[in-house]
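Data block below; observations after.
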There are 2 protein chains.
Amino acid sequence: MAKETKISMAVIRRLPKYHRYLGELLRKDIDRISSKELSERIGFTASQIRQDLNCFGDFGQQGYGYNVKDLYDQIGKILGLDKNYKTIIVGAGNIGQAVANYAKFESLGFHLQAIFDKNPKLIGIKIRDIEVKDVDCLDTYLKENPIDIGIICVPKEHAQMVADIMIKNGIKGIWNFAPTDLNAPDDVIVENVHLSESLMILSYRLNESELFKE
Amino acid sequence: MAKETKISMAVIRRLPKYHRYLGELLRKDIDRISSKELSERIGFTASQIRQDLNCFGDFGQQGYGYNVKDLYDQIGKILGLDKNYKTIIVGAGNIGQAVANYAKFESLGFHLQAIFDKNPKLIGIKIRDIEVKDVDCLDTYLKENPIDIGIICVPKEHAQMVADIMIKNGIKGIWNFAPTDLNAPDDVIVENVHLSESLMILSYRLNESELFKE
DNA sequence: TAGATTGTTAATCGATTAACAATC
DNA sequence: TAGATTGTTAATCGATTAACAATC
């Protein structure tokens, strides 16, 4: 199925959007779609859609288009959504709790195993039936329980330290909400969610367009 | 200061990172930096850094480099961080509360004026001394209180409806946390934070690298 | 002045769009 | 079969990198 050439990040970033739109079509009981129709809904050019999908295989059929269910499943597979991942959250503050309670999370195959914090007020409380553990136990916990993905929701000052413990214990991916860049070896994937960067871009665009006058 | 040509999105997306790294240098009392040194820290090429900065003006000095404080301030200004924005949050669930409590928020000039929800259990509670109002009052509230930025933290089913009320009442920017694309006229800036897309990209990269074996 | 480093132009690389033959 | 639409190649467009003259 997969072709040999390396897929560009530009393509990868569009995959979740394809997945989301195809999911919507599926719920609307639409069972086939052409690149042209999809283009009109999703806002990419039809040419780009065909080009993107062809990175991964021949999913379409000339004269017909794409089967929605098939394509949805294929893209889900490409994204690794057919797998299950054991995850932990470190940092049970606002963002940590929001992520823990984020419903879609489980349905995508990410299974929350444990939550850690260093605040005594948070240690022991339950979030989604999971008791918050002392972060001092993180290292020991990881040694006993292999975890795939670590989610970092601690302040930036402690983020690298937490990452180091995760990396040392064989974590494969880090979802980082701390507003800092983490050092990690090439075989550990780091994906950042930098909220303040997103907010700054909103602010920039607001001013650029001269819509905003104080 | 500003040049005439339209700045590409690729450049804009890098601005917050420049701002962050320059802020760190500033805190370390480093007062000058060359594109080469910055390149080593930030991970962009020196050439790209000079190219990027030159979109906005001549901030550097041949033979010297860039003044950290000056450049930090200039980029802050370009990003519109010297302004103040009146904001509201609609949706006081986990993400809404996390955003409301997000400390950096205020320091960047985003001032939270009100929070809305439709859940009777949430209406009336206080978050950061702000009482959660009934979302039914949103339209009236906006008519009486001009707001610059609306933050949408409601489920995707209600996101467009909330956006429409905001747009009708002259909101200029929307920071959208709902996992859906919003329809908005060109003069309303929409910036999305799609957490599940970020998670899917992590998942993709994990599988691509073949690091993940179930 | 000599050395350093920018600003900027030109060269390269990569991503998007257009076009169309292949084929269902 | 005729019409539709893909897969794919070629053309265009844009972004990044390299090079170097300008200049502090």
Side-chain angles (χ1 to χ4, degrees), chain A residues 1-18 21-22 25 30-72 74-75 78 201 204 208, chain B residues 1-18 21-22 25 30-72 74-75 78 201 204 208:
Chain A
M1 180 200 89
K3 294 189 176 176
E4 281 308 306
T5 38
K6 172 124 178 49
I7 311 298
S8 80
M9 208 49 210
V11 175
I12 297 162
R13 269 198 294 260
R14 282 190 292 268
L15 291 178
K17 201 167 170 182
Y18 289 124
Y21 273 81
L22 289 162
L25 292 172
I30 296 168
D31 58 311
R32 61 176 268 201
I33 188 127
S34 68
S35 58
K36 185 161 171 287
E37 283 175 292
L38 190 54
S39 159
E40 281 152 15
R41 292 169 186 263
I42 209 169
F44 307 149
T45 64
S47 196
Q48 180 164 66
I49 292 170
R50 294 201 300 280
Q51 196 80 279
D52 282 355
L53 298 179
N54 262 81
C55 295
F56 302 99
D58 297 3
F59 299 143
Q61 194 172 68
Q62 278 103 329
Y64 173 88
Y66 300 87
N67 178 291
V68 174
K69 176 84 173 77
D70 272 8
L71 191 54
Y72 176 79
Q74 295 275 15
I75 292 178
I78 291 164
I201 291 165
Y204 173 87
E208 176 197 42
Chain B
M1 183 200 89
K3 291 190 177 177
E4 280 309 307
T5 39
K6 174 127 176 47
I7 310 299
S8 81
M9 208 49 210
V11 175
I12 296 162
R13 268 198 295 260
R14 284 190 291 269
L15 292 179
K17 204 167 170 183
Y18 289 125
Y21 273 80
L22 289 163
L25 293 172
I30 295 167
D31 58 310
R32 60 178 267 198
I33 189 131
S34 68
S35 58
K36 185 161 170 287
E37 284 175 294
L38 190 55
S39 159
E40 280 152 17
R41 292 169 186 263
I42 210 168
F44 307 149
T45 64
S47 196
Q48 181 165 68
I49 292 171
R50 293 202 300 279
Q51 197 79 277
D52 282 355
L53 298 179
N54 262 84
C55 296
F56 302 99
D58 298 3
F59 298 145
Q61 194 172 67
Q62 279 103 329
Y64 173 89
Y66 300 88
N67 178 291
V68 173
K69 177 81 173 77
D70 271 8
L71 191 55
Y72 176 80
Q74 294 276 14
I75 293 178
I78 292 163
I201 291 167
Y204 172 87
E208 174 198 41

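Each chain gets a letter, A, B and so on, in the order its sequence line appears, and its residues count up from 1.
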**OP:** State the pairing partner of D:dA4; accept Watson-Crick or G-U wobble contacts with both distances under 3.5 Å, and report none otherwise.
**Re:** C:dT23
Subject >> Base paired to D:dT9 (Watson-Crick or G-U; both N/O distances under 3.5 angstrom) >> reply: C:dA18
Rounded to whole Å, please give me the gap between [atom1] in [X] and [atom2] in [N].
| X | N | atom1 | atom2 | result |
| --- | --- | --- | --- | --- |
| A:Q48 | D:dC13 | CD | P | 16 Å |
| B:I7 | D:dT16 | CD1 | P | 13 Å |
| B:N54 | D:dT17 | CG | C1' | 15 Å |
| A:L71 | D:dG7 | CG | P | 10 Å |
| A:D58 | D:dT8 | CG | C1' | 10 Å |
| B:I49 | D:dT17 | CD1 | P | 10 Å |
| A:E40 | D:dT5 | CD | P | 11 Å |
| A:R32 | D:dT5 | CZ | P | 6 Å |

Which nucleotide in [options] has an atom nearest any side-chain atom of [X]:
| X | options | result |
| --- | --- | --- |
| B:S8 | D:dA15, C:dT16, C:dT6 | D:dA15 |
| B:A10 | C:dT8, C:dT16, D:dT16 | D:dT16 |
| A:Q61 | D:dT16, D:dT23, C:dC24 | C:dC24 |

Ignoring backbone atoms, test whether [X] places a side-chain nitrogen or oxygen under 4.0 Å from the OP1 or OP2 oxygen of [N].
| X | N | value |
| --- | --- | --- |
| A:Y66 | D:dA4 | no |
| B:Q62 | D:dA22 | no |
| A:S35 | D:dT6 | yes |
| A:R50 | D:dT6 | yes |

Subject >> Under-4.0 Å salt bridge between A:E40 and A:K36 >> reply: yes
**OP:** Select from A:F44 and B:I33 the residue whose nearest nucleotide in DNA chain C is closer to the 5' end of that strand.
**Re:** B:I33
Original post:
Does the C:dT17 base have a donor-acceptor partner in the side chain of A:Q51 within less than 3.5 Å?
Top reply: yes
Quick one: [atom1] on [X] to [atom2] on [Y], what's the gap to the nearest 0.5 Å?
| X | Y | atom1 | atom2 | value |
| --- | --- | --- | --- | --- |
| B:I78 | B:L71 | CD1 | CG | 8.0 Å |
| B:D52 | B:L15 | CG | CG | 7.0 Å |
| B:T45 | B:R50 | OG1 | CZ | 8.5 Å |

Original post:
Looking for any heavy atom pair under 4.0 Å, which part of the strands does A:S47 touch: base, sugar-phosphate only, or nothing?
Top reply: base
**OP:** For the residue pair B:Y66 and B:L22, establish whether any side-chain heavy-atom pair is separated by less than 4.5 Å.
**Re:** no
